[in-house]
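Per chain, numbering begins at 1; letters A, B, ... match sequence-line order.
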There are 2 protein chains.
Amino acid sequence: MSPTGDASSRSGSARRSSTLRPLVQQSTPARVAARVRRAIANGDFPPGSQLHEVALARQLGVSRGPLREGLQRLTQEGLLTAIRNRGLFVVDLTPENVRDMFLAREAIERCAASVLLRGDHAAAADALEPLLEQMARAAEAGDSHGVAEADISFHEKLVALTGSERLRRIHETQAAEARICVHALGSTYDNDVQRVAEHRAIAQALREGDAELTDRLLVAHMADAVAELVEASRTGQVRQEAD
Amino acid sequence: MSPTGDASSRSGSARRSSTLRPLVQQSTPARVAARVRRAIANGDFPPGSQLHEVALARQLGVSRGPLREGLQRLTQEGLLTAIRNRGLFVVDLTPENVRDMFLAREAIERCAASVLLRGDHAAAADALEPLLEQMARAAEAGDSHGVAEADISFHEKLVALTGSERLRRIHETQAAEARICVHALGSTYDNDVQRVAEHRAIAQALREGDAELTDRLLVAHMADAVAELVEASRTGQVRQEAD
DNA sequence: GGCGGTAGAGTTGTCGACATTCCTACGACA
DNA sequence: TGTCGTAGGAATGTCGACAACTCTACCGCC
């Protein structure tokens with residue numbers, strides 16, 4: 001699952017059967033990072049809040065050593081900010097930060113889409129279909145949170161389908177950032193239906209192999225999301241720590 | 001310098017004078033990561049070679065704790081690969097890896113260029129000019145290595161000019177990867193002059209605000225580099241550890 | 001001669017303890 | 001009343017030591 005799971009697949013050109021692949025054993029810091037990343041994305045640690053080492057270490061059942069190593073990974077990702085002798089804090093959702101998040105996300109996802117379009121884009125569209133249906137079901141049920149989750153999963157799948165290790169690794173961080181936004185700024189999208197429509201359009205353009213349209217739709221989709229989130233952070237419905 | 005230097009600039013909207021900005025104090029793991037990253041980029045540790053903790057810690061004058069935390073950052077970046085109970089290894093330059101490096105780089109740099117084009121692209125072109133001259137001088141002197149270094153610096157500047165923290169952080173890794181390639185696959189570019197011309201063309205298109213041309217030139221430039229490097233790694237002039 | 005097993009050295013993984021720094025609360029003083 | 005100074009507590013930063021694992025070299029055995 002984790003693109004930096006520290007596998008032992010160093011020699012890339014070794015072709016093994018699916019049942020006899022090199023057994024991966026991810027390191028403790030990698031697992032710590034994955035757990036804490038998920039917790040942050042899940043809203044357990046609001047933006048701006050501090051992560052206390054002793055408490056976290058006890059909760060995860062490890063000592064402070066491996067814990068700190070894992071947290072350093074998240075700091076490198078930009079999910080955490082370190083202040084010397086003070087501690088680690090979850091990234092703040094300032095308008096600048098939100099804009100920057102989606103700028104980088106746009107870079108990765110546009111590239112991912114263009115890769116898919118150079119390959120079997122019809123198959124890629126097929127693979128995205130289940131997530132579209134899931135999103136539509138959530139929208140019908142009025143489950144805005146479910147729509148948002150399916151939304152992000154759609155984009156994760158889009159990137160994963162490229163098979164690019166680096167795009168996947170970078171985007172893992174970006175997906176977490178998106179989930180932070182959803183949890184902190186609320187998934188109060190009264191336009192769930194439009195959201196579903198946007199994704200359907202993207203998948204459709206992808207299926208038809210229309211590179212220019214896919215790109216334009218992706219950019220527009222990102223712009224929409226940014227505008228909405230920045231507006232939400234302006235109107236003050238931010239759920240963050242007083243610190 | 002380091003985009004993940006763990007500054008204390010959490011509250012983003014604070015406007016201070018240039019002389020009275022918050023004093024940054026980057027953490028030891030961040031400095032360790034920067035040093036080792038530079039060493040790897042400099043070719044001190046060939047692709048595939050192992051990094052020994054005790055020796056490194058002694059060289060850097062820190063204990064194994066902070067050292068390991070710093071190395072975890074590089075592992076997260078993808079510059080190192082961890083194998084449990086065995087150690088950390090510098091990323092291998094398999095053709096797949098090289099292609100993936102430049103795919104992700106293309107994603108970031110195209111985005112960076114488009115950001116610059118939406119802003120003051122003439123000023124951006126001005127800022128790139130010194131690096132072009134430096135590259136030209138190196139080319140005239142027959143200093144292929146100098147050309148390659150100026151080349152990478154050019155691209156670093158391109159991304160830095162956007163002011164995007166995230167693009168910068170991601171690209172820092174990619175610049176290191178590019179330098180690894182140069183050192184391991186040789187900077188034997190018999191076409192230094194063409195290389196300079198390519199960059200001049202990119203800067204020129206940027207200055208004129210021609211978005212489509214800039215984008216096309218960037219993509220072509222990347223494709224050239226990948227083809228060259230993959231070819232070099234095929235013909236076996238790889239300088240990597242027997243391990 | 002080849003194969004399996006074993007002891008040794010060296011490395012990584014993990015932990016607990018100490019030093020240092022920061023924050024808070026309290027009290028003295030102008 | 002406000003400010004300065006200080007002591008206490010709690011957190012982070014760093015280190016050294018022990019445990020566990022891997023690799024290598026050597027030896028016995030078939």
Please report the distance, rounded to the nearest Å, between [atom1] in [X] and [atom2] in [N].
| X | N | atom1 | atom2 | answer |
| --- | --- | --- | --- | --- |
| Gln50(B) | dC23(D) | CD | P | 10 Å |
| Arg64(A) | dA11(D) | CZ | C1' | 8 Å |
| Leu60(B) | dT14(D) | CG | C1' | 15 Å |
| Arg58(A) | dA11(D) | CZ | C1' | 13 Å |
| Arg68(B) | dG13(D) | CZ | P | 17 Å |
| His52(A) | dG9(D) | NE2 | P | 19 Å |
| Gln25(A) | dT22(D) | CD | C1' | 12 Å |

Exercise for the section: Heavy atoms only: give me the nearest Leu158(B)-Ala112(B) pair and the separation to one decimal. Expected result: O-CB, 4.3 Å

Exercise for the section: Look at all strands and tell whether Leu71(A) reaches a base, only sugar-phosphate, or nothing, counting heavy atoms closer than 4.0 Å. Expected result: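 It contacts nothing in the nucleic acid.
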
Practice task
Determine the contact category for Leu51(B): base if any of its heavy atoms lies under 4.0 Å from a base atom, sugar-phosphate if only primed atoms, P, OP1 or OP2 are that close, otherwise nothing.
Solution key: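 It contacts sugar-phosphate atoms only.
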
Any ion pair linking [Y] and [X] (charged N to carboxylate O, less than 4.0 Å)?
| X | Y | answer |
| --- | --- | --- |
| Arg166(B) | Glu177(A) | yes |
| Glu77(B) | Arg169(A) | no |
| Glu106(A) | Arg99(A) | no |

Problem - Residue that, paired with His221(A), satisfies side chain to side chain donor-acceptor pair (under 3.5 Å) out of Arg195(A), His155(A), Glu109(A) - result: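 Only one of Arg195(A), His155(A), Glu109(A) forms a side chain to side chain donor-acceptor pair (under 3.5 Å) with His221(A), namely His155(A).
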
Problem - Any Leu128(B) side-chain heavy atom under 4.5 Å of Leu161(B) side chain - result: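 They are in side-chain contact.
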
Practice task
Just compare dA11(D), dT22(D), dA17(D) and give me whichever is closest to any side-chain atom of Asn85(B).
Solution key: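 Side chain of Asn85(B) sits closest to dT22(D).
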
Problem - Under 4.0 angstrom between Arg86(B) side-chain N/O and dC23(D) OP1 or OP2 - result: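 Indeed, a polar side-chain atom of Arg86(B) lies that close.
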
Problem - Ring center gap for His145(B) and His183(B) short of 6.0 angstrom - result: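 Yes, ring centres under 6.0 Å apart.
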
Problem - Comparing Gly61(A) and Glu53(B) on DNA chain C - which has the more 5′ nearest nucleotide - result: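 Result: Glu53(B).
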
Practice task
Walk along DNA chain C from 5' to 3' and tell me the first and last nucleotide with an atom closer than 4.0 Å to a non-hydrogen atom of chain A.
Solution key: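 First and last nucleotides in contact are dT14(C) to dC23(C).
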
